[in-house]
Amino acid sequence: MPALLMCAFLGQAATAATSAATGDPLAPSARWSAYSIGRAATPPMGWSSWNAFGTDIDEAKVLGSAQRIVDSGLAAKGYRYINIDDGWAIRRQQTDGRLIIRPDRFPSSTSDQGSSFRPFTDKLHAMGLKAGIYSDLGRNTCSQAYSPDKTDLPQGSVAEREVGLYGHIDQDIALYFADWGFDFIKVDGCGLRAYGANSPKVRAGEFRALPPVLDLQSVNRSDIAAVQAEFKEINAALLRHNPDGDFLLSLCVWGAANVRAWGKDYGSLSRTSDDITPAWTRMLTNFDSAVRRELYAHPGSWNDPDMLFIGKGDFDAGHLTEARSHFSLWAMLNAPLMLGTDLRSTAPALMEIVGNADIIALNQDPAGNQATLAYDADDLAILVKQLDSGDKAVAIFNRGLAPIDADLTAEHLKLRKDAQVTLTDLWTKADSTFTGATKLRVAPRETRVFRVHGERTLAHGVYLSEQPGNVNPAVDGVTRPQPDPSIFRSSAGWSGTKGAGERPMYAGWGGARADSTPYGQTLHIGGAGYAAGVGVLANSRLEVRNKGYGRLTAEVGVDDSARDRNGAVTFMIYGDGKLLSRSKPLRWGQPAQPLSANLQGVKIVELVARSTAGDNEQLPVSWGNAALLSPGH
Ligand code: GLA
């Protein structure tokens with residue numbers, strides 16, 4: 001393995017070791033610890049077989065969509081990963097443990113040399129595309145657990161049907177990447193979820209039991225360390241077998257095991273919820289599972305609310321408003337843009353939507369800032385995304401049933417209210433201007449998206465909350481993960497309305513937020529409100545990448561929403577591991593204390609809020625107006 005790559009990954013391990021060695025996770029690490037070893041500087045774009053075909057896949061279907069991606073010009077716009085999801089494996093050969101591809105479905109895989117995807121990946125690479133494959137953390141996959149019939153499933157003995165990574169990590173990763181030439185792997189989690197000794201299929205002798213360590217309904221019933229340990233092993237194998245570093249690891253544990261706090265440290269993508277379906281309300285659930293996690297996504301480690309379902313159901317050619325919304329929202333979230341429809345027959349109007357270069361550019365913006373919520377209500381959301389050029393993007397999303405005349409203000413955009421703001425509508429391409437505020441009509445289920453040019457409120461710097469891509473909650477203070485109650489709970493899941501409904505289950509409540517407390521309030525310290533800032537629980541450490549700014553300033557204190565009125569919190573700013581500034585111990589109700597640190601030459605800033613009080617959950621703190629200022633300001 002190239003030394004550089006090894007260092008990159010071991011660097012992360014070393015961070016953990018340092019914290020573990022000192023026993024103090026709040027000690028400065030002087031490094032950026034979020035995942036950055038895969039090829040995901042911007043969110044990956046492409047196509048996946050799952051939403052289009054389920055397990056009923058074959059070479060013609062996959063290559064047909066790949067060809068359309070090239071012919072339609074979508075490849076030139078960035079769609080390049082062609083991913084085979086579940087359903088490609090027929091068995092694990094018992095003589096040597098090698099996986100065998102379904103020969104009837106992938107005819108190019110059979111030759112005298114044995115079963116191989118190399119001819120298939122060669123074809124994709126020759127088309128200028130990349131190739132993705134699917135596996136599972138356990139011995140068996142999701143379709144083996146959940147498919148209603150066995151038509152497309154692996155065949156043979158119990159051992160032959162064990163096509164997942166468990167017990168074969170190094171061998172399979174070598175096969176996929178070194179031998180077969182794949183560039184992307186999605187690792188699903190059903191093997192660690194659905195094969196307990198009591199599951200009917202295990203009891204019937206169809207599969208070997210594997211004690212479940214992932215439980216979607218309960219963080220407490222999940223074994224977080226066990227899941228992390230396997231992803232660590234997979235990463236080590238990926239580094240060993242990818243000398244060119246051209247790989248992506250997509251974690252698929254659906255928001256279970258509190259993965260929304262740590263997925264960013266283990267993979268290029270991390271699913272934040274269970275599967276999307278082509279239903280409007282299910283799209284809302286998946287959107288909500290990622291939209292308040294803006295600080296947990298960065299270049300190299302993105303939130304994944306699942307693949308696009310444009311082309312089916314509520315997002316088909318008869319629902320262009322919904323399809324545009326789905327696409328706009330995924331772009332603003334920096335979600336992977338993975339098409340999930342049979343492109344050979346996709347209607348031109350839908351091809352136009354997913355080919356909107358202006359919307360794609362928001363998703364692929366090199367600054368890598370997920371949009372933040374400037375306005376947050378159950379029926380209307382205003383999302384603002386800071387772009388690399390200094391411009392911004394704004395999306396106004398009407399989730400409800402009636403048209404809304406939305407007020408968009410310069411404050412929402414952190415732009416000066418006395419200077420002209422220019423809006424370019426990225427769907428209609430119309431330009432307009434306003435000063436202070438404007439009204440915009442948004443139809444039911446519509447998302448209006450604009451590129452915005454104006455004069456920044458903070459003329460000589462940037463608020464930390466404007467650049468979430470450079471802020472990593474390495475320790476967010478959450479010690480007892482709780483389900484996020486603000487995620488829309490759709491009735492359009494896999495089991496229809498059987499059972500008791502999907503109760504709040506995706507942990508994440510209490511995580512660090514931009515311009516919000518961890519529990520969704522606006523930021524206040526000692527009675528003073530802050531429109532900009534970072535809200536986080538006490539006993540937290542935020543890493544901030546400094547791209548040449550000269551000074552960090554903030555007004556810090558215990559947030560007024562804290563229920564603990566006695567616990568004292570000390571705020572510290574570190575630069576490359578050295579203490580630069582420290583507050584006095586601050587309690588609820590006290591006025592904010594201004595902190596400032598000189599960042600000359602500093603690459604990694606760390607913001608630590610430390611308390612001796614026992615209960616972080618009751619102690620949200622605010623880094624009010626936290627900002628990086630240009631040298632000389
Ligand atoms: C899980 C995943 C899906 C898909 C299927 C395949 O449900 O979440 O995205 O990969 O498995 O069986």
Side-chain angles (χ1 to χ4, degrees), residues 44 46-57 61-62 81-90 102 105 132-154 161-166 176 182 184-195 199 201 207 212 214-217 222 227 231 248-257 259-260 263 267-279 282-283 285-286 289-290 302-312 330 335-341 490 492-495 502 505-506:
W47 178 89
S48 164
S49 58
W50 183 251
N51 287 352
F53 300 115
T55 51
D56 185 14
I57 45 175
K61 287 174 177 164
V62 179
Y81 286 91
I82 303 296
N83 295 347
I84 303 181
D85 207 283
D86 202 353
W88 61 265
I90 190 80
R102 285 166 70 191
R105 300 302 183 96
I133 187 90
Y134 165 97
S135 191
D136 197 287
L137 287 167
R139 296 192 187 105
N140 300 96
T141 70
C142 289
S143 59
Q144 289 179 293
Y146 298 115
S147 275
D149 63 62
K150 294 183 182 162
T151 325
D152 303 319
L153 301 185
R161 284 185 283 106
E162 292 181 348
V163 297
L165 285 169
Y166 196 85
Y176 298 151
F182 282 99
F184 180 115
I185 186 165
K186 168 173 171 182
V187 179
D188 220 336
C190 293
L192 298 187
R193 165 188 183 187
Y195 296 91
S199 89
K201 289 184 179 178
F207 301 107
L214 274 169
D215 189 324
L216 202 42
Q217 265 75 40
S222 297
V227 185
F231 279 126
L248 252 110
L249 171 61
S250 164
L251 315 188
C252 185
V253 299
W254 333 277
V259 70
R260 291 188 306 153
S268 320
L269 298 175
S270 178
R271 279 276 296 277
T272 50
S273 72
D274 205 347
D275 296 1
I276 192 167
T277 69
R282 189 69 210 176
M283 188 278 288
T285 302
N286 285 39
S289 73
W302 308 104
N303 286 319
D304 178 3
D306 206 359
M307 301 165 282
L308 295 162
F309 235 133
I310 291 168
K312 272 201 188 155
W330 262 232
L337 298 180
M338 291 294 172
L339 304 171
T341 186
S490 140
W494 290 107
S495 54
E502 203 172 79
M505 64 182 185
Y506 304 117

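All ligand and atom numbering here is 1-based and tracks the order in the structure.
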Give me the residue, atom name and distance of the protein heavy atom closest to [atom].
| atom | result |
| --- | --- |
| atom 8 (O) of ligand 1 | D275 OD1, 2.5 Å |
| atom 12 (O) of ligand 1 | D86 OD2, 2.8 Å |
| atom 1 (C) of ligand 1 | D188 OD2, 3.1 Å |
| atom 9 (O) of ligand 1 | K186 NZ, 2.8 Å |

Under 4.0 Å between heavy atoms, the region of C190 that gets near ligand 1 turns out to be neither
Mark up the atoms of ligand 1 that fall under 4.0 Å of a heavy atom belonging to [X], in ascending order.
| X | answer |
| --- | --- |
| C252 | 2 (C), 8 (O) |
| W254 | 2 (C), 8 (O) |
| R271 | 8 (O), 9 (O) |

Checklist line | D85, any N or O under 3.5 Å of ligand 1 N or O | finding: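 D85 vs ligand 1: N/O contact under 3.5 Å present.
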*asked:* Is a donor from one side chain sitting under 3.5 angstrom from an acceptor on the other, for S143 and D86?
replied: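 Distance-only check passes for S143 and D86.
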Do D85 and S49 meet the criterion of a side-chain donor-acceptor pair at a distance under 3.5 Å?
->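 The criterion, which ignores hydrogens and geometry beyond distance, is not satisfied for S49 and D85.
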### Task
Mind running side chain to side chain donor-acceptor pair (under 3.5 Å) on S48 and N83 for me, showing each step along the way?
CA-CA 5 Å; S48 164; N83 295 347; 5.5 Å; no
* Asked: When you measure from the side chain of Y506 to the backbone N and O of D274, does any donor-acceptor pair fall under 3.5 Å?
  -> yes
**Q.** Proximity flag Y146 to ligand 1, non-hydrogen atoms under 4.0 Å
**A.**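 Heavy atoms of Y146 never come under 4.0 Å of ligand 1.
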* Is D152 paired with R105 through a side-chain N to carboxylate O contact shorter than 4.0 Å? -> yes
Just one of D304, D188, D306, N303 clears the side chain to side chain donor-acceptor pair (under 3.5 Å) bar with R271, so which one?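 Considering D304, D188, D306, N303, a side chain to side chain donor-acceptor pair (under 3.5 Å) with R271 is found only for D306.
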The test is side chain to side chain contact (heavy atoms under 4.5 Å, CB included); show your working for Y134 and D136 and say whether it passes.
CA-CA 7 Å; Y134 165 97; D136 197 287; 4.2 Å; yes
